[in-house]
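Before any comments, here is the structure.
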Amino acid sequence: MEALLDTAGVNLIPALRDAIEEGTAGAALIQGLGGTTSMFFEDFARRAVVGPTMADAMASVSLTLVAVGEHDRPLAALSVTAPGTIIERALNHGYGNLQALTLSVAIAKVHGLAVDKRARRLGIARALMKRTWQIYEQLDFFVLYGSFETDRDLGAFYQSCGYTVHAPGEGFLLDRVGLPFGIHAGPDQRVFTRWRTPR
């Protein structure tokens, strides 16, 4: 799985790699999916307060999906993480550690998506993106976002998955979740976002 993500230039965050190996990655997500949204929030809060590091709490809301074929050969992998950049910006804007970390239960980042060359155009990537949205929407996340380099023609793909694809270099504001800042993009990047429909 990690080798497959490497082909797309995606490196797993060390704490997430460790959590995957230990079987604790996505633990808070699993708790919420198996119970209620309040159980999810409670489990994450416990990890954030008594956990050894912020990275461990962030790993508990990270999702790694792998599609496998014959002989369990990985065909595609999708990594979604806590919004590290947004948490860092919140800290820089004067938010406390716990306040900033709490953004991990409202916002998630599509960190990387890779499909084996022999398995492309089979709809696997779209299926992984669909399942990812279902999981985070069920847990009441406000937005999923990610980015890709402009020279990779992926805009139509993300649009077909229900995301808004922003113009090259255009970021987005986070005022919908009460944050006084947004995400910026370099001129060689395109950001994609999908917001939960207001209830």
Side-chain angles (χ1 to χ4, degrees), residues 1-37 39-68 74 76-91 97-115 124-125 127-148 158 161 163 174 177 179 183 191-196:
M1 177 269 300
E2 192 168 356
L4 187 56
L5 286 170
D6 283 343
T7 65
V10 177
N11 297 314
L12 286 180
I13 300 161
L16 178 55
R17 183 187 304 113
D18 293 344
I20 291 170
E21 290 174 1
E22 294 165 7
T24 59
L29 298 177
I30 293 167
Q31 180 74 17
L33 292 171
T36 64
T37 303
M39 289 172 67
F40 162 63
F41 291 135
E42 289 166 11
D43 186 73
F44 176 79
R46 180 181 55 77
R47 293 172 190 277
V49 173
V50 302
T53 65
M54 283 180 65
D56 292 317
M58 291 166 67
S60 76
V61 292
S62 296
L63 177 70
T64 305
L65 296 179
V66 180
V68 297
L78 173 65
S79 175
V80 182
T81 63
T85 301
I86 293 174
I87 291 170
E88 184 178 345
R89 295 209 67 196
L91 291 169
N97 281 358
L98 193 55
Q99 278 181 304
L101 187 58
T102 300
L103 298 173
S104 298
V105 295
I107 304 166
K109 180 181 181 183
V110 178
H111 181 63
L113 173 63
V115 181
I124 298 172
L128 291 177
M129 290 294 293
K130 178 180 180 181
R131 185 63 183 133
T132 295
W133 176 252
Q134 290 171 338
I135 290 169
Y136 284 99
E137 184 184 37
Q138 182 176 333
L139 294 171
D140 288 338
F141 275 66
F142 284 96
V143 61
L144 264 66
Y145 79 98
S147 65
F148 59 90
Y158 285 110
C161 293
Y163 288 76
L174 289 161
V177 290
L179 296 175
I183 286 292
V191 171
F192 55 91
T193 56
R194 184 167 181 180
W195 289 87
R196 187 183 78 200

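What you see is a predicted model, and the numbers here were worked out from it, not measured in a lab.
Between R89 and L179 the shortest side-chain heavy-atom distance does not fall below 4.5 Å.
Ring-plane geometry between Y158 and F148 is classed as parallel, the angle between the planes falling under 30 degrees on a 0 to 90 degree scale with a further cut at 60.
Listed here is the closest heavy atom pair of C161 and R194: O-NH1, 3.0 Å. Nearest heavy-atom pair across M58 and G84 is CE-CA, 4.0 Å. Considering every non-hydrogen atom in both P74 and V66, the closest pair reads CB-CG1, 4.1 Å. Taking all atoms of both residues into account, the shortest heavy-atom contact from P83 to I107 is CD-O, 3.2 Å. The nearest pair of heavy atoms linking V191 to T193 is CG1-CG2, 4.1 Å.
With sequence neighbours excluded, the residues that form a side-chain contact (heavy atoms from CB on, under 4.5 Å) with D56 are P52, T53. Taking R46 as the reference, D43 meet the side-chain hydrogen bond (donor to acceptor under 3.5 Å, both in side chains) condition, with sequence neighbours excluded. For T36, the side-chain hydrogen bond (donor to acceptor under 3.5 Å, both in side chains) partners two or more places apart in sequence, or in a different chain, are S38.
Atom CG of L65 sits about 10.0 Å away from atom CG of L113, to the nearest 0.5 Å. Y145 contributes atom OH, which lies 8.0 Å from atom CG of L174 (distance to the nearest 0.5 angstrom). Taking CZ of F44 as the start and CG of L101 as the end, the distance is 4.0 Å to the nearest 0.5 Å. The CG atom of L29 sits 7.5 Å away from the OG atom of S62 when rounded to the nearest 0.5 Å. Atom CD of residue Q138 and atom CH2 of residue W133 lie 12.5 Å apart, to the nearest 0.5 angstrom. The structure places CE of M39 at 11.0 Å from CG of L33, a figure rounded to the nearest 0.5 Å.
Partner I86 forms a side-chain contact (heavy atoms from CB on, under 4.5 Å) with one of V143, V177, L103 and no other, that one being L103. Applying ring pair (Phe, Tyr, Trp, His ring centres under 6.0 Å) to Y136 and the options F141, W195, F40, F142 leaves one that passes, F141.
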Apply side chain to side chain contact (heavy atoms under 4.5 Å, CB included) to the pair R131 and L78, showing each step before the final yes or no. CA-CA 10 Å; R131 185 63 183 133; L78 173 65; over 6 Å; no

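For Q134, the CD atom is densely surrounded, since the number of other residues' heavy atoms within 6.0 Å is greater than 12.
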